[in-house]
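Reading through the structure tokens given below for one structure.
We name chains A, B, ... by the order of the sequence lines, and we start the count at 1 in each one. Predicted model only: the values in this text are computed from it and were never measured.
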Amino acid sequence: MSRMTLFVMMAGLALGMAQATWARDTAEGRPLKVVVHVNVPEPGVQGAGLKNITNILKEAPDTQVEVVCHGAGVGLVEKARTDHAEAVEVLVEKGVKFVACENTMRQKAIRKDDLLPGVGTVPSGAVEVVRKQQRDGYAYFKP
Amino acid sequence: MSRMTLFVMMAGLALGMAQATWARDTAEGRPLKVVVHVNVPEPGVQGAGLKNITNILKEAPDTQVEVVCHGAGVGLVEKARTDHAEAVEVLVEKGVKFVACENTMRQKAIRKDDLLPGVGTVPSGAVEVVRKQQRDGYAYFKP
Amino acid sequence: MSRMTLFVMMAGLALGMAQATWARDTAEGRPLKVVVHVNVPEPGVQGAGLKNITNILKEAPDTQVEVVCHGAGVGLVEKARTDHAEAVEVLVEKGVKFVACENTMRQKAIRKDDLLPGVGTVPSGAVEVVRKQQRDGYAYFKP
């Protein structure tokens with residue numbers, strides 16, 4: 001086997017692995033991934049979104065769900081303002097990730113202690129919504 | 001030609017075909033694909049969405065459009081409640097796919113016969129919205 | 001080096017470059033890309049969207065942002081109707097692309113001169129929202 005052939009084979013393998021990674025993330029049978037964008041204050045819309053997530057997990061239990069709350073939507077994960085503390089808790093226990101936007105928290109003087117248990121934070125909710133789609137291949141869902 | 005060379009060539013061809021499939025779906029000149037997410041009850045918003053689809057098909061006639069109606073948005077495709085029976089019918093004839101969420105239908109006691117002609121169903125509207133993006137590479141559009 | 005090996009190597013290189021292009025667009029460290037979909041008339045929601053963009057550019061300054069205004073959302077970029085002329089101007093100067101839908105403009109009798117400075121147009125806002133995602137790999141964001 002010539003050095004050239006070896007090089008080509010290695011390149012082919014590298015490409016194959018890259019391709020396989022991409023295929024693994026999109027082929028049927030692998031977990032779905034979705035970022036749920038919550039920026040509205042209406043408890044009804046927020047609750048509908050949580051119910052959508054429950055339904056997603058019923059049909060596709062392995063789905064990776066991240067709920068990004070920012071702007072007027074941060075109330076969903078604030079202890080003092082949410083109408084859905086219990087539903088959020090149940091979903092957190094099922095592995096759903098909830099994050100609040102630190103920009104919004106700063107602006108509204110919300111501290112981490114003010115958030116429901118298990119809720120994380122991200123520097124910017126808007127960037128997170130973009131990054132989950134572009135970097136991590138998440139689908140977008142706006143309740 | 002050595003066996004190694006043959007192997008590398010076959011691998012290259014396999015990769016090439018996989019790559020080509022991916023390119024075919026995204027390159028200019030191939031049909032666009034979009035999932036239209038309808039979960040709001042307002043006839044005005046629903047009608048604007050249908051008009052958006054009409055405009056899409058005017059500029060890019062080959063576009064594959066799937067309209068997913070769930071939650072409060074299912075009324076768009078219910079005979080008894082829709083304000084847009086005719087517009088839906090026209091779009092169905094143009095090849096637009098409309099589906100209603102079976103979770104929503106169960107909850108609201110809507111039967112398949114209650115849906116406009118040509119409207120299909122899916123087990124979960126929310127999962128469908130995610131799956132079209134992740135599995136089938138559809139763009140997302142919320143009217 | 002045989003002709004076959006050369007062929008395989010060239011094919012491998014071509015694939016490698018295609019793969020690299022794809023990887024370049026998605027890997028961490030490369031600019032994010034996002035299409036912001038504005039189709040609502042509420043100045044509050046429009047303003048929140050502009051603030052989201054400002055926050056995105058604060059955390060990820062290289063992000064390519066395109067704001068597509070159509071239907072009831074075109075008012076954001078109309079001189080006579082916007083509540084956010086200054087904020088739009090600031091973002092245009094930062095490189096954010098704003099486009100108005102020509103279908104909407106025709107319907108509402110809006111001329112190019114009626115748009116804020118630096119705002120472009122596209123034949124169809126809805127198609128643009130789809131195309132940016134499918135052709136150019138943009139994330140979707142609805143304020």
Side-chain angles (χ1 to χ4, degrees), chain A residues 1-23 25-26 34-42 45 68 70-74 101-107 122-143, chain C residues 1-23 25-37 40 42 44-45 47-65 129 132-133 136-143:
Chain A
M1 181 163 54
S2 76
R3 205 179 292 178
M4 266 307 168
T5 308
L6 187 65
F7 166 78
V8 173
M9 197 173 68
M10 299 300 279
L13 278 174
L15 281 168
M17 285 185 298
Q19 194 77 39
T21 301
W22 174 74
D25 284 349
T26 53
V34 57
V35 59
V36 178
H37 182 199
V38 178
N39 67 349
V40 295
E42 293 85 1
V45 177
V68 178
H70 72 137
V74 80
C101 170
E102 293 170 14
N103 285 329
T104 303
M105 291 169 67
R106 219 169 8 251
Q107 191 199 342
V122 290
S124 159
V127 168
E128 182 74 1
V129 168
V130 176
R131 194 170 273 147
K132 293 317 279 184
Q133 293 177 75
Q134 278 226 314
R135 301 296 192 227
D136 303 326
Y138 278 51
Y140 178 96
F141 189 95
K142 185 162 191 192
Chain C
M1 182 162 53
S2 76
R3 205 180 293 180
M4 266 307 171
T5 308
L6 188 65
F7 165 77
V8 174
M9 197 173 69
M10 298 300 278
L13 278 175
L15 281 168
M17 285 186 297
Q19 194 77 38
T21 301
W22 174 75
D25 284 350
T26 54
E28 195 65 51
R30 297 291 305 182
L32 295 168
K33 299 181 285 190
V34 58
V35 59
V36 178
H37 182 197
V40 295
E42 293 85 1
V45 176
L50 299 179
K51 203 168 145 195
N52 294 151
I53 298 170
T54 303
N55 282 333
I56 289 173
L57 294 176
K58 221 174 272 174
E59 192 189 326
D62 291 340
T63 304
Q64 292 168 31
V65 183
V129 168
K132 293 318 278 185
Q133 293 178 74
D136 304 326
Y138 278 51
Y140 179 97
F141 188 95
K142 185 162 191 192

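Of the two parts of C/Lys51, only the side chain, counted from C-beta on, holds a non-hydrogen atom closer than 4.5 Å to a non-hydrogen atom of chain A.
A pairwise comparison of heavy atoms in C/Asn55 and A/Val127 identifies O-CG2, 4.5 Å as the closest pair. The heavy-atom pair separating A/His70 from C/Asn52 by the smallest distance is CE1-ND2, 3.4 Å. For the pair A/Gln134 and C/Pro31, the tightest heavy-atom approach, listed with the atom from each and the gap, is OE1-O, 4.1 Å. Closest approach of A/Ala126 to C/Ile56, counting heavy atoms only: CB-CG1, 3.6 Å. Between C/Leu32 and A/Arg135, the shortest heavy-atom contact is CD2-CZ, 3.5 Å.
The aromatic rings of A/His37 and C/Phe141 sit tilted, their planes meeting at an angle between 30° and 60°.
C/Glu59 places a side-chain heavy atom less than 4.5 Å from the side chain of A/Arg131.
When atom types are taken as modelled, the side chain of A/Tyr140 and the backbone of C/Lys142 share a donor-acceptor pair closer than 3.5 angstrom.
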